[in-house]
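Okay, so here's the structure we're looking at.
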Amino acid sequence: MQYNFNEIEKKWQAYWNENNSYKVENDFSKPKCYVLDMFPYPSGAGLHVGHPLGYIASDIYARYKRLKGFNVLHPMGFDAFGLPAEQYAIETGQHPATTTKVNIERYKEQLGKIGFCYDWSREVKTSDPNYYKWTQWIFLQLYNSWYNPKTNKVEKIETIFDAGCPMSDVRNAERDNQTSTIEHRLMEYRLAYKKESYVNWCEALGTVLANDEVINGVSERGGHLVERKLMSQWFLRITAFAERLLTSLDDLDFPESLKEMQRNWIGKSVGAEIKFDVRSQISDLSNTDKTDNQHPSSGINVFTTRPDTIFGVSFIVLAPEHELVNLITTTEQKPAVEEYQKITSSRSERERLAETKTISGSFTGAYAIHPFTGKEIPIWISEYVLAGYGTGAIMAVPCGDERDYAFAKHFNLEIPNIFKDVDIAEKACSDKNVVIANSDFISDLSVKEASKIAIDKIEERKIGSRKVNYRMRDAGFSRQRYWGEPFPIVYDEHGTAIALTDKDLPLELPFLETYSAGPNGKGPLANATDWVNCDLDITSNSNLDLTPSPSPLGEGDVEHGIKSSTKKAVNSYGEKIFNTDASSWIALKEFARQNRSKQTEAESILWEALRNNKIGHKVRRQHAIENYIADFYFADCQLIIEIDGEYHTDKSQLEYDNSRTSILNEIGFSVLRFTNDEVVNYSENVIAKITSKINELSHPSPKGEGKRVRSHFLRETDTMPGYAGSSWYYLRYMDPHNSETFCDKKISDYWNQVDVYIGGAEHAVGHLLYSRMWCKTLHDLGFISYDEPYKKLINQGMIGGSSRFVYRIKNTNQFVSKGLKENYDTNEIHVDVTIVDGYELDLEAFKKIKNNEYANAAFILEDGKYICGEAFEKMSKSKYNVVNPDDIIEQYGADTFRMYEMFLGPLEMSKPWDTKGIEGVHRFLKKFWRLFVNDNSSLLEEGLREVSSIVTNEVATKEELKSLHKHIKKIQHDIENFAFNTSVSQFMIITNELSTLNCHKRESLEQVLITLVPFAPHIAEELWSIIGNKTSILDAQFPILDESLLVENTFNYPVAILGKSRTEMEFALDATQDDIQMQVLANEIVQKWMDNKPLKKFIFVKGKMINVVV
RNA sequence: ACCUUGGUGGUGAAAUUGGUAGACACGCAGGACUUAAAAUCCUGUGGGCAGCAAUGUCCGUGCGGGUUCAAGUCCCGCCUGAGGUACCA
């Protein structure tokens, strides 16, 4: 019976399907392993042979771990939202929902043919409302959180009021009585926030792009021009995580190059910010509000990484857009400066990039005062200083910086030398291994020492401070596109953003027939006016529960340690929520304050037991709510504790209390009542009751029904970018059908981090940074237990295409073969690789392509053949070099395809696709097959498998066992190190060995077969069943390595004389060196090479080699 | 310009810690089986020189130095491919 791979593969794929062979249970009792692929965009082109490379590698690893007894999570899904899907839909004139669905079907069909062990019941699609409900939910977590630099953690936005200084400005907002002002201030802290800013606007795509989606001034997708445009956009405050993203990188098992890319992207530089005073010829400079908070008086703040070069400063350069330029420019210089500003601002980013070498600038006429020498130094503007980095101003040190040097030379500025024994006549010296000179108190010091002392001095004189700068910017999170997650955000009549609540999710993407851009740079959703205009019930316990109380900012609230300068309480904010008018609010607040100072015995007992977060929740006492004052109040779960004193006992009082309770209930508060007696005598019971009530209330889902206010809102019409859904998908696979939460914590604790993540390097700074940030956020907020998503990451190399060319003689229909093309003036034209055999063009097929465009073509041949040119390029449709895996599988089978892709070379290496070697792998599988099955039997005994098997039950010899265990060791080692190319070699080696020995013994073959499962699962299942097994081989146990079988007692030593290997000699491994030395020196060949010279040294490395030195 | 990686036969590539360079495969050459083909199997295959041959011998991991008994592997300088970043102070 021959190896009929097509039949076998179909059969077992169906079998695995029917038996749910790849279904993964959340079985906490087993050790886990999480193997993840970067999920694909389901593009219209389908898979080419380059895509599955990483999938095959992860599949091998996942299957291996399963054979080793692990519970392996190895899922697959689709990154279905985003620009490419929408672009494809527009190009093909279909709705993205349709194309996405069709494309996903096609991908699944193609993936299915390769025989991957995905558990499809866990498939996720980012465009599925059941999925993006949680993307939106996580967005709300980001929106409702801020980064507390003191705790270095993400915290709920509420904590900002108690955190000390950062939101101190909010007091000004209070004074203004403006909810919108508070909201405006909070936007400066939220992790997802909206801001008016310059963005990368791509007119052709009609949308904003993130920094990493823009390459050299054009869009990554499509290569369209990108310009800067001022727009109100959503951002993710990833800069807050800069330091953490940087430091935790060290512990991750990522490729070094990728870590380096992330480090570059984050771009940390350590140095100092230094203030240079401006010669006070301009009196109004000191009145401007625009100067930096840290150094509020007049002056220019510069950022430098080389404070040691402070004495080399001979001029200052500002970015042309710098806000001080107009203030300091003298009247004489004004025309020149304005002219320069006009030129630079009119130029696009791209033009600026193109002219990096030309030196330009303009003198402002103003002078700064050197902080140490007191010397006046000129202030210039130039576009080589970027407004967006550092402070937008530099202190120029021409002797130490090439650009400053070039600038100084060009404009004839002074170039003082502050380096000892360094010649700067020709060029600047940026070497850091120099000694500083001519620099007052830092002369004769090294760069490092000088830096430290200079900063110390700067800080001492309060003219600057140590400062760390990051190149990374916050990530743009808005897209003016249709095919993405809608934001769970609405705007009220003042345009203030209001977040939807959990129960409003998912906010589904409305179906639109057309999705062309909306008005005023808005996205397509702006056209859906019915959807944009909405009446909603916004509950009081939504995002607006931020600060229902004046307490944290109130006077005398020792708990918070903030002394407010204002006595006026928040009320407009309160008004909106609590419907309390301003005057009674103030009266109540005053009453509450008095109450706090004269508390009853019960109140103080309870206060002592609850204060300072003692039960894990913050409590306030005598807190004004509605028209009442609550004795104790837990803001986070809206629980009110009332203590009924002596004067609360009569009947009318009781009725009053009850009605009060029910009103409070109605507007969303829970009320617990205790008597004085209970509190004084049974305080423990009381605390327990409170704790359990809090637990009940603070459990995520059943938040108390708030007061619902129906009002009119406008929806956000931007959608989220492609990376939103992919930032957390690894979590959803763990618990894909949960409708209560994005992923149950018990389950995410079990599956934990991704053990191995395989994907392309193109996501190095985008997706990977964002998902690391989201992970840290979810971790800090307590939703998951780890703050890095991926433990180990592997970048598989790209498989490029090998393109073929034909050469058309210009303006003719004549084609000339490659070898002769030099004689003609030709155009190079890509020709489809499928009609080229090696390099020889199939002329008949060529005439038929492109609707017979070349039907009448004439050819100039060499040796009767048309030879094509070749080039290695990215595999793409337009280059006609795409090889479809389906075709390869049809011809050789999935097992051959899988093994060949691995055999091609190391996983991380990029290589062109070349079908040349595939025969060798296919031959190996056929040879392997013949170890188990009699090749001719099919002719005689069709269908009788048992008879076909030629596997015997003989006992394996010691030699056979030894080679088996050598094999096991090699395969095991290679898989664990992702060196799959060499494991394929090992399979060939053992197969050749067993064939030569004519060994068909079950004892050996069965074990080898199991090791083959990860690589070639179909043939393994078939042979497993042919040799009589009734269960699937997928659950077999990986052979256990017996090292004792590998122990050798002799070794064939290479013997070298003077390091050159001359002969081999076999010795027992336990032989003594003296023994060996004697025999070696007696050896004829050794003697010959020693040539009677005296022995100098005898080098003997046990089990390795022998070297004789003369 | 800077950072990260690579550079080994005709080709894809092997070579855990410095220890017999070129495993395994493709291709090529020759042979066996066959009427023939496919399939399969066997032999050879880094280069030069010597020899009928077994074999011997010299050279050989981008280039030039160095460390070492021993270097593809470690160090210094350069050339070059790929990827990334780029007036980032």
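Everything numeric here is computed off the predicted structure, so don't read it as measured data. Protein chains get the first letters and strands the later ones, always in sequence-line order, with residue 1 at the start of each.
Using a 4.0 Å heavy-atom cutoff across all strands shown, A/Met395 reaches no nucleic acid atom at all. At a threshold of 4.0 angstrom between heavy atoms, the contacts of A/Ser985 include nucleobase atoms, whether or not backbone atoms are also involved. The residue A/Lys268 sits apart from the nucleic acid: no heavy atom pair falls under 4.0 Å. Looking at heavy-atom distances under 4.0 Å, A/Asn992 makes contact with sugar-phosphate atoms alone, never a base. If you check every strand for non-hydrogen atoms under 4.0 Å, A/Glu1064 touches a base. Residue A/Trp913 is classed as having no contact, given no heavy-atom separation below 4.0 Å to the nucleic acid. Across all strands, A/Ile1099 comes closer than 4.0 Å to base atoms (heavy-atom distances). Nucleic acid contact for A/Arg263: none, since no nucleic acid atom lies under 4.0 Å from a heavy atom of the residue. Here A/Phe987 lies out of heavy-atom contact (under 4.0 Å) with every strand. Within 4.0 Å of A/Lys927, counting heavy atoms only, lie sugar-phosphate atoms of the nucleic acid but no base atom.
As the counterpart of B/A86, no nucleotide is assigned, since no Watson-Crick or G-U wobble pattern has both distances under 3.5 Å. Both distances falling under 3.5 Å, in either a Watson-Crick or a G-U wobble arrangement, place B/U43 opposite B/A29. As the counterpart of B/C49, B/G56 is assigned, both hydrogen-bonding distances of the Watson-Crick or G-U wobble pattern falling under 3.5 Å. Across all strands shown, B/G18 forms no Watson-Crick or G-U wobble pair with both distances under 3.5 Å. When Watson-Crick and G-U wobble pairs are counted only if both distances are under 3.5 Å, B/U5 pairs with B/G81. Taking a pair to require two hydrogen-bonding distances under 3.5 Å in either a Watson-Crick or a G-U wobble arrangement, B/A38 remains unpaired. Base pairing of B/G64: its partner is B/C76, meeting the Watson-Crick or G-U wobble criterion (both donor-acceptor distances under 3.5 Å).
Across the protein-nucleic acid pair, A/Met902 atom CE and B/A14 atom P stand 13 Å apart, rounded to whole Å. Rounded to whole Å, the distance from NZ on A/Lys911 to C1' on B/U5 is 15 Å. Here the C1' atom of nucleotide B/A82 and the CD atom of A/Glu762 are 15 Å apart, to the nearest Å. Atom CZ of A/Arg1062 is separated from atom C1' of B/U55 by 15 Å (rounded to the nearest Å). When the P atom of B/U5 is taken as reference, atom CG of A/Leu907 falls 18 Å away, rounded to whole Å. Summarising the geometry, the separation between CZ on A/Phe407 and C1' on B/A89 is reported as 14 Å, rounded to the nearest angstrom. Straight-line distance from the CZ atom of A/Arg471 to the P atom of B/A89: 7 Å, rounded to whole Å. For A/Ile266 and B/G84, the CD1 to C1' distance is 15 Å, given to the nearest whole Å.
The same atom, C1', is picked in B/G60 and in B/G47; the two are 7 Å apart, to the nearest Å. Nucleotides B/U67 and B/C58 have their C1' atoms positioned 26 Å apart, rounded to a whole Å. Separation of the P atoms belonging to B/G22 and B/G10 is 16 Å when rounded to the nearest angstrom. Distance noted for atom C1' between B/G65 and B/G6: 22 Å (whole Å). Atom name C1', nucleotides B/A13 and B/G7: the rounded distance is 13 Å, in whole Å. Nucleotides B/U43 and B/C33 place their C1' atoms 16 Å apart, quoted to the nearest Å. Rounded to whole Å, the P atom of B/A39 lies 38 Å from the corresponding atom of B/G56. Rounded to a whole angstrom, the distance from the C1' atom of B/A21 to that of B/C59 is 14 Å.
One finds a side-chain N or O of A/Lys926 lying less than 4.0 angstrom from the OP1 or OP2 phosphate oxygen of B/U40. A sub-4.0 Å separation between OP1 or OP2 of B/C26 and a side-chain N or O of A/Arg923 is present. Here A/Arg930 reaches the OP1 or OP2 of B/C41: one of its side-chain N or O atoms lies under 4.0 Å away. In this model, the phosphate group of B/A89 is approached by a side-chain N or O of A/Ser269 to a distance below 4.0 Å at OP1 or OP2. In this model, the phosphate group of B/C88 is not approached by any side-chain N or O of A/Lys467 to a distance below 4.0 Å at OP1 or OP2. Taking only side-chain nitrogens and oxygens, A/Trp265 never comes nearer than 4.0 Å to OP1 or OP2 of B/U4. Contact annotation: A/Asn981 reaches the phosphate of B/A14 (side-chain N/O to OP1 or OP2, under 4.0 Å).
Between the A/Gln262 side chain and the A/Ala764 main chain, a donor and an acceptor come within less than 3.5 Å of each other.
Between A/Ser910 and A/Ile989, the residue anchored closer to the 5' end of RNA chain B is A/Ser910, taking for each the nucleotide with the nearest heavy atom. Mapping A/Asp401 and A/Pro906 onto RNA chain B by nearest heavy atom places A/Pro906 closer to the 5' end of the strand.
Nearest nucleotide to the side chain of A/Asn1107, out of B/U4, B/C88, B/A70: B/A70. Taking the side chain of A/Ser257 as heavy atoms from C-beta on, and the options B/U20, B/U16, B/U4, the nearest nucleotide is B/U4. The side chain of A/Met988 has B/C24 as its nearest neighbour among B/A13, B/C59, B/C24. Side-chain proximity of A/Lys916 to B/G19, B/U11, B/C24: nearest is B/U11. If you check B/G12, B/U20, B/A89 against the side chain of A/Ile394, the one that comes closest is B/A89.
Residues A/Val1108 and A/Leu1058 are not in side-chain contact: their nearest non-hydrogen atoms beyond the backbone lie 4.5 Å or more apart. Within the 4.5 Å cutoff, the side chain of A/Glu243 has heavy atoms near those of the A/Tyr470 side chain. Counting heavy atoms from C-beta on, the side chains of A/Ile394 and A/Thr304 never come closer than 4.5 Å.
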Check the pair A/Thr982 / A/Phe903 against side-chain contact (heavy atoms from CB on, under 4.5 Å), numbers first and verdict last.
CA-CA 7 Å; A/Thr982 47; A/Phe903 190 58; over 6 Å; no

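Classification of B/G22 as anti follows from a glycosidic angle more than 90° from 0.
Relative ring orientation between A/Trp380 and A/Phe411 is described as tilted, the plane-to-plane angle lying within the 30° to 60° band.
Annotation: A/Phe1098 is not in aromatic contact with A/Phe1100 [ring centroid separation under 6.0 Å not met]. No close placement of the A/Phe897 and A/Tyr892 rings is indicated, their centers lying 6.0 Å or farther apart.
Interface remark: the A/Lys1104 side chain does form a donor-acceptor pair with the B/U17 base, using a distance-only criterion of under 3.5 Å.
Side-chain contact check for A/Thr391 and A/Asn301: no donor-acceptor pair (N or O, by modelled atom type) lies under 3.5 Å.
Taking the charged nitrogens against the carboxylate oxygens, A/Glu256 and A/Arg263 do have a contact shorter than 4.0 Å, which makes a salt bridge.
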